[in-house]
Structures are given as structure tokens and as C-alpha cells.
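Below: one structure, written as C-alpha cells.
These numbers were taken from a predicted model, which means no experiment stands behind them. Chain naming here is simple, since letters A, B, ... match the order of the sequence lines and numbering starts at 1 in each.
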Amino acid sequence: MDNKNVMPEAENAAKSLNFIQQIIEEDLKNGKNDSRVHTRFPPEPNGYLHIGHAKSICLNFGLARQYSGKCNLRFDDTNPVKEDTEYVESIMEDVRWLGFQWEGEPRYTSDYFDQLYEWAVKLIKDGKAYVDDQPAEVISEQKKTPTEPGIESPYRNRSVEENLDLFERMKNGEFGNGEKVLRAKIDMSSPNMHMRDPLMYRILHQDHHRTGNKWCIYPMYDYAHGESDYLEGITHSVCTLEFEVHRPLYNWFVEQLTDTEYRPRQIEFARLNLSYTVMSKRKLLELVKNNYVNGWDDPRMPTISGLRRRGYTPESIHMFAEKIGVAKRDNVIDVSLLEFCVREELNKKAPRVFGVVDPVKVIIDNYPDDQVEYMEIENNQEDSDAGTRKVPFSKELYIERDDFMEDAPKKFFRMSIDREVRFKGAYIIKCVGVEKDAKGEITLIHCTYDADTRSGSGSEASNRKVKGTLHWVSAKHALDAEVRMYDRLFMDEDPAGHKDKDFKDFLNPDSLQVVTAKVEPSLSDAKVGDQFQFQRIGYFCVDPDTTEDKLVFNRTVTLKDSWTKSQKK
RNA sequence: UGUCCCAUGGUGUAAUGGUAACACACCUGAUUUUGGUUCAGGCAUUCAAGGUUCGAAUCCUUGUGGGACAACCA
């Protein structure tokens, strides 16, 4: 075969495989499980999904897509104490928003409670499971520590008949919470703690969000998970690293209960850690419950719903997941990579508009009092199809307070007394003086304009180069908009890493600032969820969840700004 | 003083016994009616010591460092 003929594809194929893809391709080659690929995303519905889950979602659904396989969505709902349908709803919404479709209906571990119960009975009959009457503390004590072997429970060698009877009575609700448990009979001296007769069932007199009061015994994760994978025909059960030590147990249950060729295979990868970001569901719940943020979808939250509301796009999250890769070593990804991915995408898609977030008024002394000119401005220089729009220009305008400095250094390219700047799409303007209030705050900037310099007029003067270009909004045409400037929630690079300190000590007091901005009139047509670049300021979206009858913008991400960066040094 | 896992620039990820590369970050410079974008360039890497080999980031041994496991959580 002539290699030269396949060069175009070779370029794509050149991408290296991550270690999971290598395992899958090996399995495919060996014809394992009929060379099927079937993955699953199995969240517990006890909280909202966050960017770390997004990595797992992109991985699992992505693998299925890549290998023409399937991917299930399964709610791992074995602990009714913590779970709720609110979370089920939000999880489905988030997965869909990310652009993935699960195979068939959503699955629930609770769908398998009957089968799991039968299998537990089988294990008892095989002498591989027993009912233990001891309280939690005693069982825990007997397990000992990782460095010393555990000791066996006095109930370990009960007869099969007694175990069967007791287990059935557990199911029938004859015992209270914690009075009895079902344990697998494996090896109390195993060096792996998870093999020291792990619990299979505990008694919880608690309504379940799906099965109601049908059950008062609930299976534990270790028992339920592998079996659920088995029942769904999962081939590759991808999970995070902390389950690595559970794998022998996962395999043990599958091997005890089934005798087919088919075997699901657990593969572990390193979970995502993001700098300046807390990812633990427990801590996020704490932020929500104690009103440090306004709910799970607060744009400062690392939740998928928070990112969505902040203006992140599914595509940008896919790009991020692609770039961070998959491996087994602990990692901390810099948030700047995530921000890069949003900017990268929004730069191509988001129309540029003029919005002044911290306005200061400018008056052009030599401009006719009642004149209004409509300046034609490009919507997006990155996209020639984006077209242009008309923006009104008049004698009184607003500019950004940061864009003026009275005693400016030479390197300051914006407005200063006696210096010229271009008002983007309009004229070259020269500052001639300022007015201040009693506190010395600038209240008005006086300018003159050069009428020959109108942009696009073709005149020689209109092509004159000046160092700075400012965006502006006509005062009498401006719309008021509420702008929510979100910043990072935590100031410390690794707020979760300080084990002796409360992570909330690192909360940023300025993580949300709400201001009234002056924006150009074309934004009266803006629709919920629309995204814009406020030229020179950052990317903003119209708050997707706004219920108010006014324009509300959420800041998605700031633009890179080499001037303010150099000033901070 | 147990079992398991991991170790490549500042941060991530490749290279699968044959020239250590890509992205982010950072730093120059050019272009720019956004101090954005784009473009060009720069900085910087195999935990250590032995061994196998013509050749080791890769295989072996030992050590060091980090992580997971002792929930009736998942």
C-alpha cells in the first residue's frame, strides 16, 4: 500500500492516544466483550455537576463517540439520605447542555435493587455473605488499620439458614437503623482494607426519591456499582483514582455473581483540580447553604450551571477537556487555561459592542449642540460575515474612567490633557481640560474634535494614526445596564490545600461587583444568553436566568490587558 | 512503618528502546481604528543512584518524594 495516498488522514491519526484509549484499543484488538465499547457516567444525585464532572462526561461520552459505542447516564442513588430529584433534573440538563445524548433512558442504580437483593441472597447461600449484629463502631474497630490485620466478627460463621432469615427480616423492616448489616465474607487480614468483609447492605428507614418506602435496606456503592455496570453491559467503567483500591472488590463481586465471558473493566484516571477553585461537592454545598453565593448556578461557582450562566459555552468546555488530557498523576490545572479556551471561542463568535462600565462624561466643545451622527462600526473584526451597525455619536459622550489620566506617563496611550486619541469609528479627539468636584474627582472632560478625521470618510486626515483608540457611548442615547463583574471566588491558589484552615478564609470579598453601565442603544435588542465583547473590557453575556425587566450582563471573562498588567508590576 | 498508584519545563500533556515535543503561562518584537486578535521569536523539562543495551524519559533494582485506602458516603 502506498502511504502517500493516505497522508490527509494520517495528519488526524497522528494524535497520540491517552492511556484509556490504549486499553480500549487493546481490548478491541483482543475481541474482548465482542469488541463493544460501552461506557457510563454515574453521578450520585446529591449535588450539582461541576467542571470536574465535565471532564468525566467529555471522557466517557467522548470515548463512546470515538469508538462508535454507547454511553449510559446512570444515577448512582443508593443513599437516599443525601439524594434528591432536584439534582437528577439539573444533572440531565447539564449533560444535555454539554451536547451529549445518553443511550436510551437514564438509568438508576435503584432500578436494580431487586436484582441486587437476589444476588445478595445467592451470596449468602454460597456462604459468601453474612449478617453482622455488631454496631458500626465495633465493626470498624475490628477492621483495624491498614498496617495490621483485622479480626473476624463473632457472627461471621452463622449458618446459611440463619443468615437468610435475618437478611429477609432486615428487608422486611424488623430492625432499626444500624442494628444489622450484611457483609461479604472475604478476608479480614487482607492488606487491602476494602477486602476486610466489606458491608453490602445497611438498614436505612428512609424514603428514597424513586423507590419511596419500598426498601429499608440499601446496597453500598462497592456492591452495587460493579453489578450495575454488569447489568448495563458496560465494558469500560471509567472512574477517578480514589477507587483504584476498590478495584479488587469490584472484580470480586462480579466474579462471584456471574459466570459469563463478559466482564466490565474498571479504569481509573486522575480527577481534575483547578487552581483557585474548590471542587468538593460538600464544600460547594456549604457555600450555597450559608449564602456565600446565590445558589448552585451562581456564576462564580465552578458548577456547569454556574459556568453556563457566566457565559461559558459547551464548545469552550470541550476544548478545555481536550487540552487538559487524561492521565493518572495528580494535577492542578491553571484556571488561565480554562479562561484561554473561552476567550479563544468567544473571540471568533462574540460581536463587539461599546459599553462603558465606569463612565465619565466627555463634552466635545466644538461639536454642534444638537447634531447626531450614526457611525458605522464593524461588529466583529474576526468575522467578515458579522457585518456592521450604526452607533450614534453626539456632543456629550461617556468614556471609561480608566481611559483618562491627568498626569499620564509616556507609555499611556489613552486620553490625557493635550493628547489626541481616536474615538473608535468616529473622530480624533483632543482633551483640552477637566472639571473636578470638591473631592478632586473628575466630573467632566472637555475635548475638541477634528472634523476632517471621521472614520471611513476616506480623507487623508481620517487615516491619520494616533496611538490610542477609545470606545465611547453617546450620553443621550446610552442605555443603562446592570453589569455584574464576577471575579475568582477564592484568592488562594489552592484553597482546598490548607488542611488546617477553613477554605472559606480564602474567599475573595470582591468576587462580585455590581455596577450600572452605559451601553450603546443597539443592545436594546439583546436576548437572554447573548454574548458580547465590551470592547477592551471583556466578554459579557446577558444573564440567562434574569427575571428582571432590565438588561443584566454577567462578565464571562476579562480580556487580556497588557497595560494594567504592566502597571501592577 | 502494610497494600495499591504516581513521578517529563512554572502548569498540564505527548514521545511506548532510536533527535525530548505540543499547549497554557511568562518575556521580546511586528501588525492592529480594541494595549484585544493575529504573526514571528524567546525562556524552560525527563526525581536520584545503580543495572540491561550500540542506544533508556521509556525496561530492571534500590532509594527519595507525592497520593489513595482504616464511612452503615459515593
Applying a 4.0 Å non-hydrogen cut-off, can you work out what [X] is touching in the nucleic acid: base, sugar-phosphate, or nothing?
| X | answer |
| --- | --- |
| A:Lys328 | sugar-phosphate |
| A:Val326 | sugar-phosphate |
| A:Glu268 | nothing |

[M] and [N], which share atom name [atom1], separated by this distance in whole Å:
| N | M | atom1 | answer |
| --- | --- | --- | --- |
| B:G10 | B:A48 | P | 13 Å |
| B:A49 | B:A44 | C1' | 25 Å |
| B:A14 | B:C59 | P | 15 Å |

- request: Examine A:Arg210 relative to A:Tyr108 and say whether NZ or CZ is less than 6.0 Å from the centre of the six-membered ring and inside a 45° cone about the ring axis.
  value: yes

message: For a quick check under 3.5 Å, do A:Asn192 and A:Ser190 share a side-chain donor-acceptor pair by atom type?
response: no

query: With respect to the phosphate group of B:U11, does any side-chain polar atom (N or O) of A:Ser275 fall under 4.0 Å of OP1 or OP2?
result: no

statement: Sorted by chain and number, sequence neighbours left out, side chain to side chain contact (heavy atoms under 4.5 Å, CB included) with A:Glu86 holds for A:Tyr48, A:Asp84

message: Check for me: is A:Tyr221 stacked on B:A74 by the 5.5 Å centroid and 30° plane-angle rule?
response: no

query: Tell me, do A:Ile304 and A:His50 make a side-chain contact under 4.5 Å, heavy atoms counted?
result: no

